[in-house]
Amino acid sequence: MVNVTDGYGSSILGYPRIGPHRELKRALEAYWRGAIGRDELLAVGRDIQEQQFSELAATGLTQVPGNTFSFYDHVLDNALLFGAIPKRFGPYRDGLDPLDFYFLMARGRPDLPPLELVRFFGTNYHYRQPELDADTEFSLHPEALLDEFDRAKERDIELRPVVIGPVSLLLLSKAGHIPGEPDFDTSSLLDKLLPIYEELFEILAKRGSTCVQLDEPAFTSERTPAELAAFEAAYQRLSKAPLRPRILVTGQYGDFGEALTILAGTGVEAIGLDLASYRIRPDDLAKVPGIRRKRLYAGVISGRNVWRADRYVTLEYLNELAQVCPDLVVSTGATLLHVPYDLLAEYDIEGHVADRLAFAKQKVGEVVSLAKALTEGASDKWRKRPTEVHFKQKHAVRQRVYAVTPDMRSREPYEVRREAQQRKLNLPPVPATTLGSFPQAGRIRQARYELGAGRLSYEDYRKRIEAEIEATIRLQEDIGLDVLVHGEHERNDMIQYFAELLDGFVTTHFGWVQVYGSRCVRPPILYGDVARPAPMSVEWIGYAQSLTDKPVKGIVTGPVTMIARSFVRQDQPLHETADQVALAIRDEVVDLEKAGISIIQVDEPAIREMLPLRPEGRAEYLRWAVAAFRLATSGVQAETQIHTHIGYSGRTEVVEAIEELDADVTAIVATRSIEWVLRALKEDARSGHGLSHGVGPGVYESRSARIPDIDELDELLTAAAEAVTPERLWANPDGGLKTRHYWQLEPSLRNLVAAARRVRRRVEAAE
């Protein structure tokens, strides 16, 4: 820990861990297919760790975080650190190598579903949700953490171990439910868990660790009085542990709220605030009792976007904070896990855009230089505020947004549309479909690469894609699906594909960000006014429709999801950017309709994901998010059926927002919690606040290798029919099938069709 008399410290809260060139992804996938052994995989992990802590120490950071590497997911790592193994995995522990047991929980197998995959605090990252029950017993397993700590110490680098805080670990976990017993509250295990943290503290202190970082991101969300009381009790106890390092508690991803006052009243030595997400006023900070005695990790550099900080404004703010908290460390507001490695690897981003960007390496540089300027005083270069860079605005785009009228966000009443759509589509009860993507063959990815490299003509590329589309259509016809998809073979990613074809976005070559495990994406950068120069999907979906008499869904990504999964400009309100994207998507939807596509799915899984973590701002956010979706989808005729694909939420305001989207059919991501969702749908219907349009609750998990049987699917669809009425029910998986193999996909879909037909026969017989 740096002494304040030596100047202001600098640190970050975490770093990307897939390797600068996705070394971890390649090693993981090679290990899973048997191409390399355990020792080779472990060696790749060690190399990434050592390269990371050595490079970070060399940058001039006064504190380097440790224990941020993971072979799959850090939340799962923390669950195993404290011995939290779900009962259903327990019997397999002794028969497997520890690494393979870890991957079993993360990836599952056909007869054993993995831990549920859950989005992490509004980011694009997903974690494997630990499962706890009343009988869970905790035990400490710190070998991996200590091994990294010791290896760094051999190089004279002291790492600050990063661990999820005890209360957030419990709140991020899923409660196991025993039939006939009341619902279990995971936070009730706190008294069992805290002694294990104290045991870890003692080991670290004896090892020479001077500081440990405990992340409590759950407390940047709305929390109950009982949860806040548990938080206070935890840190009152941990801060009094007899032998421990100093404790840094961080609140990443938003406003720490009441937790800040609670922590300031305990004996913890340091508090980290995400000031890039929520900039607290220094005079308000000064009102927090006890805050002046704490070391403040001022998270002024964002870990969630790729824009350079305004160093002039940020340095002024840090100087004001230092008057309140003299013991101050310049830091990132969140881990840099959510941004790409290095901007310098990108060779063709135009200068006027690149000059505004900072990836992980550049953000570390920002932290170090700010701490130096705060300590030594700003040079003339720092004192003079740089001229702002303004992107060229597209007058036509802005004029079009200003000209939007309320009737452009509305369609005919649902009942009118429903009758018109049934006349045109003539679909049976409980129609079976999928939600878009099919597996992509390696030859197609290679063709896309060769096209981009100029080694394949567009005509030859088109022929290859058309061949894949035809094979996908024929397979779906043979399976017996009622509404088909073209398979999305031409798409690299649901976001990047459209971003590459829209003005106002730039995409990267090496800007990879981990989503979970070996899954990585390259989020586009939305830097300017958005427009659609030409149709983006009409050629491919129109070709698919020409091959069959059955309806083929047109699939496009919605405006809110395009924003949520991109790094978005910050020089104008989000609602204005959303409307720009919505108008571009509207043009695509209208062109799909003109091409003879009668069902168009506008995917918006991120509407729930972007919901503010605290109640303030939720109503306004949902207002403009719903408005953007309706602007994108209201340019078509009544007989054109609009679908959407969204994650379910039990929050009343989210359910109401889904209803206000006014989509004709809403497909819901909910497989692992399907019983809860069906129960919620029934309750919503009774309360009058439910979904009154078509609903497709995903009845099997698209990310799992498990093949559901007919009876299981029949049971779920029957329960769904009771919840939403049979005439509004659709049968579908809970997501796209791009990550599946055909040997998994085909039997799953055949069973889905068979189950839907069973339900259909019972419905028709009852009539």
Side-chain angles (χ1 to χ4, degrees), residues 29 107-110 113-114 116-117 126 431-445 448 465 468-497 515-519 521 537 540-541 544 548 550-557 561 599 601 603 605 643-647 665 667-672 674 696-710 712-713 716-717 730-756:
E29 293 176 356
R107 304 179 71 227
R109 64 187 193 190
E116 189 163 359
L117 199 61
H126 293 67
T433 189
T434 72
L435 298 186
S437 60
F438 268 58
Q440 285 199 357
R443 61 183 176 273
I444 291 301
R445 293 193 295 270
R448 189 183 302 124
I465 296 295
E468 293 295 321
I469 291 174
E470 182 168 8
T472 300
I473 292 294
R474 299 301 173 229
L475 174 62
Q476 292 174 92
E477 288 180 323
D478 185 65
I479 289 171
L481 291 166
D482 300 294
V483 174
L484 314 184
V485 297
H486 79 296
E488 303 183 18
H489 300 287
E490 79 285 4
R491 302 183 189 182
N492 43 23
D493 175 81
M494 70 179 291
I495 308 298
Q496 185 180 347
Y497 174 79
V515 178
Y516 61 88
S518 67
R519 171 80 169 134
V521 298
S537 63
W540 309 114
I541 298 169
T548 181
K550 289 189 172 183
V552 176
K553 277 196 291 188
I555 311 251
V556 297
T557 304
T561 300
I599 302 178
Q601 180 177 303
D603 290 330
H643 290 221
T644 192
H645 177 204
I646 200 165
V665 179
I668 299 176
V669 180
T671 306
R672 299 299 302 281
I674 187 70
V699 290
Y700 81 85
E701 186 180 12
S702 61
R703 289 191 179 99
S704 173
R706 182 171 173 270
I707 299 170
D709 63 36
I710 298 173
E712 173 190 342
L713 294 171
L716 290 172
L717 284 171
W730 284 66
N732 50 259
D734 74 345
L737 301 170
K738 182 178 180 179
T739 61
R740 297 297 97 225
H741 299 288
Y742 277 100
W743 63 264
Q744 300 161 338
L745 172 153
E746 186 171 344
S748 296
L749 291 182
R750 290 189 186 279
N751 290 349
L752 177 69
V753 168

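Keep in mind that what you see is a predicted model, and the values were worked out from it rather than measured. Sequential numbering from 1 along the given sequence is applied to the chain's residues.
- Shortest non-hydrogen contact noted between Ser437 and Lys738 is OG-N, 3.2 Å.
- Ser702 approaches Thr739 most closely through the heavy-atom pair O-OG1, 4.0 Å.
- Proximity of Asn751 to Pro708: side-chain heavy atoms (C-beta onward) are nowhere separated by under 4.5 Å.
- Between Ala754 and Ile710, the closest heavy-atom pair is CB-CD1, 3.8 Å.
- Counting only heavy atoms from C-beta outward, the side chains of Leu435 and Gln601 approach each other to under 4.5 Å.
- Between His126 and Tyr516, the ring-plane angle classifies as perpendicular under the 30° and 60° cut-offs.
- Phe438 contributes atom CZ, which lies 8.5 Å from atom CG of Leu484 (distance to the nearest 0.5 angstrom).
- Of all heavy-atom pairs between Pro439 and Leu745, the closest is CD-CD1, 3.5 Å.
- Arg474 CZ to Gln476 CD: the interatomic distance, rounded to the nearest 0.5 Å, is 11.0 Å.
- Residues Glu488 and Tyr497 fail the side-chain proximity criterion, which asks for heavy atoms closer than 4.5 Å.
- To the nearest 0.5 angstrom, His486 atom NE2 is 8.5 Å from Trp540 atom CH2.
- The structure places NE2 of His489 at 7.5 Å from CD1 of Ile444, a figure rounded to the nearest 0.5 Å.
- Between the OH atom in Tyr742 and the OG1 atom in Thr472 there is a gap of 4.0 Å [rounded to 0.5 Å].
- No side-chain donor from either of Asp603 and Thr557 sits under 3.5 Å from a side-chain acceptor of the other.
- With sequence neighbours excluded, no residue forms a salt bridge (charged side-chain N to carboxylate O under 4.0 Å, His left out) with Arg445.
- Scanning both residues, Lys550 and Leu481, for their nearest heavy atoms gives NZ-O, 2.6 Å.
- We find that Asp478 and Arg750 are joined by a salt bridge, their nearest charged nitrogen and carboxylate oxygen being less than 4.0 Å apart.
- Atom-to-atom distance recorded for Glu746:CD and Ile479:CD1 is 5.0 Å, nearest 0.5 angstrom.
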ask   = Step by step, would you call Gln440 with Arg448 a side-chain contact (heavy atoms from CB on, under 4.5 Å)?
value = CA-CA 11 Å; Gln440 285 199 357; Arg448 189 183 302 124; 3.0 Å; yes
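- Among all heavy-atom pairs drawn from Ile555 and Ile541, the shortest one is N-CD1, 3.6 Å.
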